[in-house]
Amino acid sequence: MKIKDKNFVEMLSREDIARIVERLAASLNADMEGKNPYFLVMMNGAVFFATDLLRQITIPCGLAFIKYTSYVGMGSSGKVTPVLPVPADVKGRNVVVIEDIVDTGETMKEFLSEIQRLAPASVRIVSFLAKPVALKHPLLIDYVGKEIGNEFVLGYGLDYDGLGRNIPDLLVYDGK
Ligand code: IMP
């Protein structure tokens, strides 16, 4: 499929995605039972993943949205700025941040330093995708849907220059 000037091919079908989300939700339901987790959804990319995941969370939980900007085109700009900051009521709560993809880890590093100042009881990360080879900072991602190589993906909430978020499958740039 051609998006703007690049060609993308399927990496995960919507059925593959559903199986991954089901597995992650089952782990979270088991691990967070009795902990009244507070889910923070990283906008915009994680919105599709978060709504699928949260519909399968069966334990009481809170929900809020946060947003940082960093990505320009196909590469990280390196500068991460909070646009929607972490809400102050995370104090004393067991926070689970929902991310679409951890690439260099810059966004998570910025998020973790911001949230630590607000004294949550605990912080866990659930990311639909992770690119371990691209990671620039040591980071423990508690729940990962799928690890991928240093490749550019799109769909299921992820965009290329503002396009492709609405595609229900996950596509990967095929180099053409
Ligand atoms: P990081 O700060 O480098 O870890 O990048 C995190 C953000 O960059 C993610 O939340 C995505 O919005 C975006 N991103 C990273 N890799 C990709 C990709 O392959 N396709 C689309 N967006 C990406």
Side-chain angles (χ1 to χ4, degrees), residues 1-25 27-28 39-56 65-84 86 96-115 123-176:
M1 182 189 291
K2 192 134 185 154
I3 306 286
K4 209 175 166 187
D5 53 344
K6 304 262 187 295
N7 207 48
F8 291 85
V9 293
E10 186 175 295
M11 180 184 254
L12 294 174
S13 68
R14 58 203 81 178
E15 292 79 18
D16 297 331
I17 292 173
R19 275 190 290 273
I20 291 172
V21 174
E22 202 176 311
R23 169 173 59 79
L24 294 172
S27 301
L28 284 161
F39 288 98
L40 298 182
V41 181
M42 187 70 83
M43 304 277 277
N44 295 326
V47 164
F48 284 56
F49 170 49
T51 57
D52 284 350
L53 183 75
L54 290 167
R55 269 181 285 211
Q56 295 187 49
F65 297 87
I66 57 172
K67 184 173 180 176
Y68 293 80
T69 48
S70 81
Y71 237 65
V72 180
M74 278 195 161
S76 181
S77 73
K79 269 190 240 115
V80 178
T81 346
V83 180
L84 255 185
V86 176
V96 181
V97 61
I98 304 180
E99 181 55 301
D100 54 354
I101 185 165
V102 177
D103 181 11
T104 62
E106 290 287 351
T107 309
M108 277 299 118
K109 185 178 168 230
E110 187 59 37
F111 161 78
L112 290 170
S113 73
E114 189 191 351
I115 198 167
V123 181
R124 293 183 192 212
I125 303 170
V126 53
S127 187
F128 179 63
L129 300 168
K131 295 183 192 173
V133 292
L135 210 56
K136 287 193 193 146
H137 308 278
L139 179 71
L140 173 76
I141 310 172
D142 304 271
Y143 307 90
V144 178
K146 183 179 166 67
E147 289 190 346
I148 64 170
N150 203 358
E151 43 205 343
F152 190 82
V153 289
L154 146 157
Y156 197 55
L158 290 149
D159 74 306
Y160 165 46
D161 256 0
L163 297 170
R165 289 196 199 274
N166 55 307
I167 296 167
D169 310 303
L170 186 78
L171 310 184
V172 60
Y173 172 48
D174 73 354
K176 287 180 225 133

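Here, residue 1 is the first one in the sequence, and each next residue gets the next number. Quick caveat: nothing in here was measured; it's all calculated off a predicted structure.
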Verdict with reasoning, Ile17 to Phe48, per side-chain contact (heavy atoms from CB on, under 4.5 Å) | CA-CA 11 Å; Ile17 292 173; Phe48 284 56; over 6 Å; no
Looking at [atom1] of [X] and [atom2] of [Y], how far apart are the two atoms once the value is rounded to the nearest 0.5 Å?
X: Phe128; Y: Leu158; atom1: CZ; atom2: CG; answer: 8.5 Å
X: Leu170; Y: Asp16; atom1: CG; atom2: CG; answer: 9.5 Å
X: Glu10; Y: Asp169; atom1: CD; atom2: CG; answer: 5.0 Å
X: Lys146; Y: Leu12; atom1: NZ; atom2: CG; answer: 5.5 Å
X: Tyr143; Y: Ile125; atom1: OH; atom2: CD1; answer: 11.5 Å
X: Met42; Y: Leu84; atom1: CE; atom2: CG; answer: 10.5 Å

Determine the minimum heavy-atom distance between [X] and [Y], stating which atoms define it.
X: Glu106; Y: His137; answer: OE2-NE2, 3.2 Å
X: Val41; Y: Ala50; answer: CG1-CB, 3.5 Å
X: Leu154; Y: Asp159; answer: CD1-C, 4.4 Å
X: Ile148; Y: Pro132; answer: O-CD, 3.5 Å
X: Arg124; Y: Asp142; answer: CA-OD2, 3.3 Å
X: Met11; Y: Glu151; answer: CE-OE2, 3.3 Å

Under the side-chain contact (heavy atoms from CB on, under 4.5 Å) test against [X], which residue among [options] passes?
X: Leu40; options: Val123, Ile98, Ile115, Val96; value: Ile115
X: Leu171; options: Tyr160, Tyr156, Phe8; value: Phe8
X: Leu24; options: Asp52, Val126, Val144; value: Val126

Evaluate the side-chain proximity of Asp100 to Leu129: yes if any heavy-atom separation is below 4.5 Å, no if none is.
-> no
Would a 4.5 Å heavy-atom cut-off, applied to side chains only, mark Ile66 and Glu114 as touching?
->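 Of all side-chain heavy-atom pairs linking Glu114 with Ile66, none is under 4.5 Å.
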So Ile141 and Glu99, side-chain contact (heavy atoms from CB on, under 4.5 Å) or not? Walk me through it.
-> CA-CA 10 Å; Ile141 310 172; Glu99 181 55 301; over 6 Å; no
Could you give me the CA-CA distance, side-chain angles and deciding distance for Leu139 and Lys109, then say whether side-chain contact (heavy atoms from CB on, under 4.5 Å) is met?
-> CA-CA 8 Å; Leu139 179 71; Lys109 185 178 168 230; over 6 Å; no
With sequence neighbours left out, write down each residue that passes salt bridge (Lys or Arg N to Asp or Glu O under 4.0 Å) with Arg23, or none if nothing qualifies.
->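 With neighbours one apart ignored, the set is empty.
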